[in-house]
Peer 1: 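This is the structure I want to talk about, given as structure tokens.
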Amino acid sequence: MSEQESLTPLKLRPATLDDLDAIWAIESAVFASDAWNKSLLREELSADHRCYLVLESELGAVEGYGGLLLVGPEADVQTIAVTPAVRGTGQGRRLMLALIKEAAQHDATEMFLEVRADHPVPQALYTSLGFAEIGIRPRYYQPDGVDAIVMRLDLKETR
């Protein structure tokens with residue numbers, strides 16, 4: 001992303017299957033050994049009860065994405081990532097706020113996510129948005145064997 005382009009706001013829009021290659025590129029770069037495979041991402045983008053959003057530059061480049069599973073009163077963040085080019089610019093927060101809004105609009109009353117125990121930056125973001133730690137999933141992230149911190153947001157309090 002050029003310096004000029006970084007000054008232009010990113011567009012937030014629903015993801016489509018046309019975004020698969022760009023999402024996969026970010027997924028594999030950001031998550032490395034934890035990355036979902038491309039086939040799973042394709043299924044996620046087209047599955048029922050899912051809501052995926054992308055952040056798109058003025059030139060059409062996907063700079064971030066996030067997705068929810070929405071079932072009844074529960075929403076679960078399936079994945080979220082932004083490119084290194086936009087990291088630290090508030091775009092991850094913006095994407096999370098959009099996912100929270102989507103969950104609330106689908107009448108979810110609570111929202112869950114897992115975050116690697118060794119990733120303090122996203123943990124701090126989620127905490128600042130009102131998520132609270134409710135448990136640990138030991139050795140959840142494989143093959144690294146890193147624990148997952150399970151977090152919950154009461155969406156009734158955000159209305």
Side-chain angles (χ1 to χ4, degrees), residues 1 5-6 9-15 19-45 47 49-57 61-71 74-104 106 108-155 157-158:
M1 178 185 268
E5 193 177 354
S6 68
L10 297 176
K11 176 181 170 185
L12 190 59
R13 65 166 176 78
D19 299 312
L20 178 62
D21 288 339
I23 290 172
W24 164 244
I26 298 169
E27 174 82 11
S28 58
V30 170
F31 296 115
S33 64
D34 291 333
W36 289 0
N37 66 48
K38 198 171 186 178
S39 177
L40 180 56
L41 285 171
R42 179 181 293 108
E43 288 176 30
E44 280 290 306
L45 289 172
H49 309 289
R50 302 296 193 285
C51 173
Y52 273 76
L53 302 173
V54 294
L55 289 166
E56 183 179 66
S57 76
V62 174
E63 298 291 344
Y65 64 93
L68 292 173
L69 168 63
L70 297 154
V71 180
E74 294 183 4
D76 189 80
V77 177
Q78 299 296 287
T79 186
I80 182 169
V82 296
T83 62
V86 301
R87 203 168 289 144
T89 65
Q91 295 302 320
R93 174 177 295 278
R94 182 173 170 224
L95 191 50
M96 276 300 299
L97 287 169
L99 292 175
I100 291 168
K101 182 178 178 182
E102 285 289 335
H106 283 86
T109 57
E110 55 188 350
M111 190 167 173
F112 298 90
L113 59 80
E114 294 90 16
V115 59
R116 284 176 65 112
D118 61 352
H119 285 177
V121 173
Q123 289 173 38
L125 169 63
Y126 305 143
T127 299
S128 76
L129 293 172
F131 283 85
E133 181 178 330
I134 61 169
I136 302 288
R137 291 192 173 141
R139 302 181 54 77
Y140 180 79
Y141 291 100
Q142 295 298 323
D144 302 331
V146 175
D147 293 349
I149 298 172
V150 181
M151 302 183 87
R152 178 185 174 274
L153 175 65
D154 184 343
L155 290 170
E157 294 179 7
T158 65

Peer 1: Does Glu56 reach the main-chain N or O of Ala61 with its side chain, forming a donor-acceptor pair under 3.5 Å?
Peer 2: no

Peer 1: Grab the two heavy atoms, one from Ala117 and one from Ile149, that are nearest each other, plus how far apart they are.
Peer 2: CA-CD1, 3.9 Å

Peer 1: Closest approach of Ile26 and Ala81, non-hydrogen atoms and distance?
Peer 2: CG2-CB, 4.0 Å

Peer 1: Have Gln78 and Tyr52 got a donor and an acceptor in their side chains that come within less than 3.5 Å?
Peer 2: no

Peer 1: Can you list every pair that meets salt bridge (charged side-chain N to carboxylate O under 4.0 Å, His left out) and has a residue in residues 81-98, with sequence neighbours left out?
Peer 2: none

Peer 1: Looking at side-chain heavy atoms only, is the closest gap between Leu153 and Leu129 below 4.5 Å?
Peer 2: no

Peer 1: What's the spacing between Tyr126 OH and Leu113 CG if we round to 0.5 Å?
Peer 2: 6.0 Å

Peer 1: Using the side-chain contact (heavy atoms from CB on, under 4.5 Å) rule, take Glu110 and Leu155 through it: C-alpha gap first, then chi angles, then the decisive distance, then the call.
Peer 2: CA-CA 5 Å; Glu110 55 188 350; Leu155 290 170; 5.6 Å; no

Peer 1: Could you list all the salt bridge (charged side-chain N to carboxylate O under 4.0 Å, His left out) pairs where at least one residue sits in residues 116-130, not counting sequence neighbours?
Peer 2: Asp34-Arg116, Arg116-Asp118, Arg116-Asp144

Peer 1: Between Thr83 and Glu63, is there a side-chain donor-acceptor contact under 3.5 Å, judged purely by atom types and distance?
Peer 2: yes

Peer 1: Could you tell me whether a side-chain N or O of Glu102 sits under 3.5 Å from a main-chain N or O of Ala98, the two making a donor and an acceptor?
Peer 2: no

Peer 1: With side-chain contact (heavy atoms from CB on, under 4.5 Å) as the test, pick out the partner of Ile80 among Leu68, Leu125, Leu95.
Peer 2: Leu95

Peer 1: If every non-hydrogen atom of Ala15 is compared with every non-hydrogen atom of Ile23, which pair is closest and at what distance?
Peer 2: CB-CD1, 4.3 Å

Peer 1: With sequence neighbours left out, what residues match Lys101 under salt bridge (Lys or Arg N to Asp or Glu O under 4.0 Å)?
Peer 2: none

Peer 1: Nearest 0.5 Å, what's the OG1-CD distance between Thr79 and Glu27?
Peer 2: 4.5 Å

Peer 1: Can you name the one residue among Ile100, Val115, Asp154 that meets side-chain contact (heavy atoms from CB on, under 4.5 Å) with Phe131?
Peer 2: Ile100

Peer 1: Using side-chain heavy atoms (C-beta onward) and a distance below 4.5 Å, is Thr127 in contact with Met151?
Peer 2: yes

Peer 1: Considering all heavy atoms of both residues, which atom of Ser33 and which atom of Pro143 are nearest to each other, and what is their separation?
Peer 2: O-CD, 3.6 Å

Peer 1: Charged N to carboxylate O below 4.0 Å: is that the case for Arg13 and Asp19?
Peer 2: yes

Peer 1: For the atom pair CH2 (Trp36) and CH2 (Trp24), what is the distance rounded to the nearest 0.5 Å?
Peer 2: 12.0 Å

Peer 1: Just verifying a value: how many Å separate Leu99 CG and Leu53 CG, rounded to the nearest 0.5 Å?
Peer 2: 5.5 Å

Peer 1: Would a distance-only check, ignoring hydrogens and angles, find a side-chain to backbone donor-acceptor pair under 3.5 Å from Gln142 to Arg139?
Peer 2: yes

Peer 1: Above 12 or not: heavy atoms from other molecules or residues under 6.0 Å from NE2 of His49?
Peer 2: no

Peer 1: Measuring from atom CE of Met111 to atom CG of Asp76, what distance do you get when rounded to the nearest 0.5 angstrom?
Peer 2: 8.5 Å

Peer 1: So which heavy atom on Glu114 is nearest to which on Ala148, and how close?
Peer 2: CB-CB, 4.1 Å

Peer 1: Could you state the interatomic distance from CE (Met96) to OG (Ser128), rounded to the nearest 0.5 Å?
Peer 2: 9.0 Å

